[in-house]
Amino acid sequence: MKNYSLQDKLKSALEPLQKILRVLEEAKRDYDQTAAHIKTQAQHTERQIKEEFEKLHQFLRDEEAARIAALKEEEEQKSQMMRRKIEEMNGEISALSDTIRNIEKEMEAEDVLFLQNFKSTEKQAQLTPKDPEKTSGALINVGKHLSNLKFRVWENMQEVLQYTPVTLDPNTAHPDLHLSEDLTAVEIRDQISSLPDNPERFNECPCVLGSEGFNSGIHCWDVQVGDCDDIWYLGVTTESVTRKGSSFMGSVWGLCYIGEYGIHYPGQRDHFLTVKEKLQRVRVQLDWDRGEVTFTDLLTNTHLHTITHTFTQRVLPFFCNRSGDPLRILPVKTSVTVEQHS
């Protein structure tokens, strides 16, 4: 017969092992999901890289075609000019050859006829054709087509390239958030997500962080907020912020819209702002060394507020959006400069 007391003892001993097994199985499911997502990420990112390079290739093909077309046009114009001059010269050569043949023919005529026609023949012989003109600028302007060719193409490329000082990190985005392909816009969408619950990802509030953090210097980025009709936040947060739950708001310095505009301070009540018109574009400027985060209404160039805080660790741009309309980080104007050596 079984000893039921010993059996119960073993059963009790099994319970923690079974719990550990369930934890391990759950962890394995997370690992499987993460492995599948890594593959999906790699495929999607590869496709985007190829698409971006194809745009660059097409730009270069168009530039090449335009420059060759300009060369061909110059070649045709200058060839046409030379054909015209050659035709004129052929006409002059033909006329002069005829004159020479006529004079030679008169010279062979009988004495009486030669003497009768001498004056007119002499007059023809004294004709002085003008010297052929040298054609200035007749050759292809090679310098125009080849001088600093790569640099000129690069200059033109500035018209199609965009640079945004901040981009979003999809690995931190709440599963309900949708990021644009270029990682500059974020909006909320009702979607069934298969994203792994990695430690970097927000899991309760629709937030996302910038892909690059700062621990010195001055940095600024402009955000289009005018279309968002629900709660949103802009600002910075610490790199070590807890991404799970809602306690992260204790590490956010930002401008928010929650029916009215306000400034969010860690550990303090929101400070509400008096704004005459709906904000459309907001500049966020971080001066890490001076410990300042400044918000400016770009359309009216109005200072909204400056938060002061002594930062001791790296901070990241912070975005929260409960709207189906995107918060969009705006590109900045770029320029090409040439430094002259003295």
Judged by modelled atom types alone, do T164 and T184 share a side-chain donor-acceptor pair under 3.5 Å? no

If we ignore angles and hydrogens, is there a donor and acceptor under 3.5 Å between the side chains of S323 and E187? no

Under 6.0 Å between ring centres: does that hold for H264 and W253? no

Residue pairs passing the salt bridge (charged side-chain N to carboxylate O under 4.0 Å, His left out) test with at least one member in residues 289-306, sequence neighbours excluded, are R290-E292

Linking I/L/V/M/F/W/Y whenever their side-chain heavy atoms sit closer than 4.5 Å, directly or via other members, would I231 and V275 fall into one cluster? no

Would you give the length of the straight line joining atom CG of L24 to atom NZ of K19, rounded to the nearest 0.5 angstrom? 14.0 Å

Mind running side-chain contact (heavy atoms from CB on, under 4.5 Å) on H44 and E181 for me, showing each step along the way? CA-CA 10 Å; H44 182 67; E181 293 282 304; 3.6 Å; yes

Assess whether side-chain contact (heavy atoms from CB on, under 4.5 Å) is satisfied between L161 and T334, documenting all intermediate values. CA-CA 9 Å; L161 298 182; T334 59; 5.8 Å; no

Contacts of E64 meeting side-chain hydrogen bond (donor to acceptor under 3.5 Å, both in side chains) (sequence neighbours excluded), chain-then-number -> none

Counting distance only, does the side-chain N/O of Q224 pair as donor-acceptor with the main-chain N or O of L330 below 3.5 Å? no

Enumerate the residue pairs fulfilling salt bridge (charged side-chain N to carboxylate O under 4.0 Å, His left out) with a member in residues 142-157, sequence neighbours excluded, ordered by first and then second residue. E74-K144, R152-E155

Spell out, as yes or no, whether a donor-acceptor pair under 3.5 Å connects the side chain of R243 to the backbone of P199. no

Does this structure show an ion pair linking K28 with D32, if we count only N-O contacts that are shorter than 4.0 Å? yes

Strictly below 4.0 Å, N to O, side chains only: are K55 and E51 in salt-bridge contact? no

Counting C-beta onward and ignoring hydrogens, is there a side-chain heavy-atom pair between Y257 and V225 closer than 4.5 Å? no

Shared hydrophobic cluster, V293 / I218 (ILVMFWY, side-chain heavy atoms < 4.5 Å): no

Measuring centre to centre across the rings, with the benzene-like ring taken for any Trp, is Y233 within less than 6.0 Å of F319? no

Which heavy-atom pair separates H303 from T306 by the least distance, and what is that distance? NE2-OG1, 2.7 Å

Using a 3.5 Å distance criterion without hydrogens, assess whether the side chain of T172 forms a donor-acceptor pair with backbone atoms of V208. no

Would you say L179 and V223 are hydrophobically clustered, going by side-chain heavy atoms of ILVMFWY under 4.5 Å? yes

Interatomic spacing from CZ in R281 to OG1 in T296 - rounded to 0.5 Å: 14.5 Å

Tell me whether R201 contacts the main-chain N or O of A173 through its side chain, where contact means a donor paired with an acceptor under 3.5 Å. yes

Under 3.5 Å, side chain of K78 to main-chain N/O of L139, donor-acceptor pair present? yes

Donor-acceptor under 3.5 Å (S211 side chain, D169 main chain): no

At their closest point, which heavy atom of C207 faces which heavy atom of C320, and how far apart are they? SG-SG, 3.6 Å

Close side-chain approach of F59 to V153, heavy-atom, < 4.5 Å: yes

Under a plain distance cut-off of 3.5 Å, with no hydrogens placed, do H37 and Q33 share a side-chain donor-acceptor pair? no

Check against side chain to side chain donor-acceptor pair (under 3.5 Å), Q313 and S240: CA-CA 8 Å; Q313 59 177 296; S240 61; 2.8 Å; yes

Residues L209, F202; criterion side-chain contact (heavy atoms from CB on, under 4.5 Å); working and verdict: CA-CA 9 Å; L209 301 180; F202 290 93; 3.7 Å; yes

Has the side chain of S94 got a donor or acceptor atom that lies under 3.5 Å from a matching backbone atom of N90? no

Check this for me: does any side-chain nitrogen of one of E46 and K50 sit under 4.0 Å from a carboxylate oxygen of the other? yes

Does any pair with a residue in residues 220-239 pass salt bridge (charged side-chain N to carboxylate O under 4.0 Å, His left out), and if so which ones, sequence neighbours excluded? D222-R283, E239-R314

Please determine if K85 and E88 form a salt bridge, counting it only when a charged side-chain N lies under 4.0 Å from a carboxylate O. no

Taking the side chain as C-beta and beyond, is there a heavy-atom pair between Q280 and L298 under 4.5 Å? no

Hits for side chain to side chain contact (heavy atoms under 4.5 Å, CB included) against S251, two or more places apart or cross-chain, chain-then-number order -> T237, T238, V241

For N301, does the CG atom sit with more than 12 other heavy atoms under 6.0 Å from it, leaving out its own atoms? no

Verify the cluster assignment for L316 and W232: are they in a single hydrophobic cluster under the rule of side-chain heavy atoms below 4.5 Å apart? no

Can you check whether I329 reaches V186 side chain to side chain, under 4.5 Å on heavy atoms? no

Between H309 and F311, is the ring centre distance below 6.0 Å? yes

Distance flag, aromatic centroids of F295 and H305, threshold under 6.0 Å: no

Salt-bridge present (R61, E63; N to O < 4.0 Å): no

4.5 Å side-chain heavy-atom contact, N321 and C228: yes

I263 vs L255 side-chain heavy atoms within contact, under 4.5 Å: yes

In terms of ring plane angle, is the pair W154 and F151 parallel, tilted or perpendicular, where the classes change at 30° and 60°? perpendicular

Indicate yes or no: does R29 engage E26 in a salt bridge with an N to O separation below 4.0 Å. yes

Sub-3.5 Å donor-acceptor pair from the side chain of N198 to the main-chain atoms of T34, do we have one? no

Minimum side-chain heavy-atom gap L56-E52 below 4.5 Å: no

For Y31, I'd like to know if atom OH has over 12 heavy atoms of other residues, nucleotides or ligands within 6.0 Å. no

To the closest 0.5 Å, what do you measure between SG (C256) and CG (L234)? 9.5 Å

Qualifying residues under side chain to side chain contact (heavy atoms under 4.5 Å, CB included), relative to P165, sequence neighbours excluded: Y163, W221, V332

Evaluate E75 against Q80 for side-chain contact (heavy atoms from CB on, under 4.5 Å), listing each step before the verdict. CA-CA 8 Å; E75 179 192 16; Q80 192 174 28; over 6 Å; no

Hydrophobic clusters here meaning ILVMFWY residues chained together by side-chain heavy-atom distances under 4.5 Å, can you tell me if L327 and I258 are in one? no

I need the L273 CG to D270 CG distance, nearest 0.5 Å. 10.0 Å

Do H219 and V166 have side chains that get closer than 4.5 Å, going by heavy atoms? no

Could you pull out the closest heavy-atom pair between Y261 and L279, with the gap in Å? OH-N, 3.1 Å

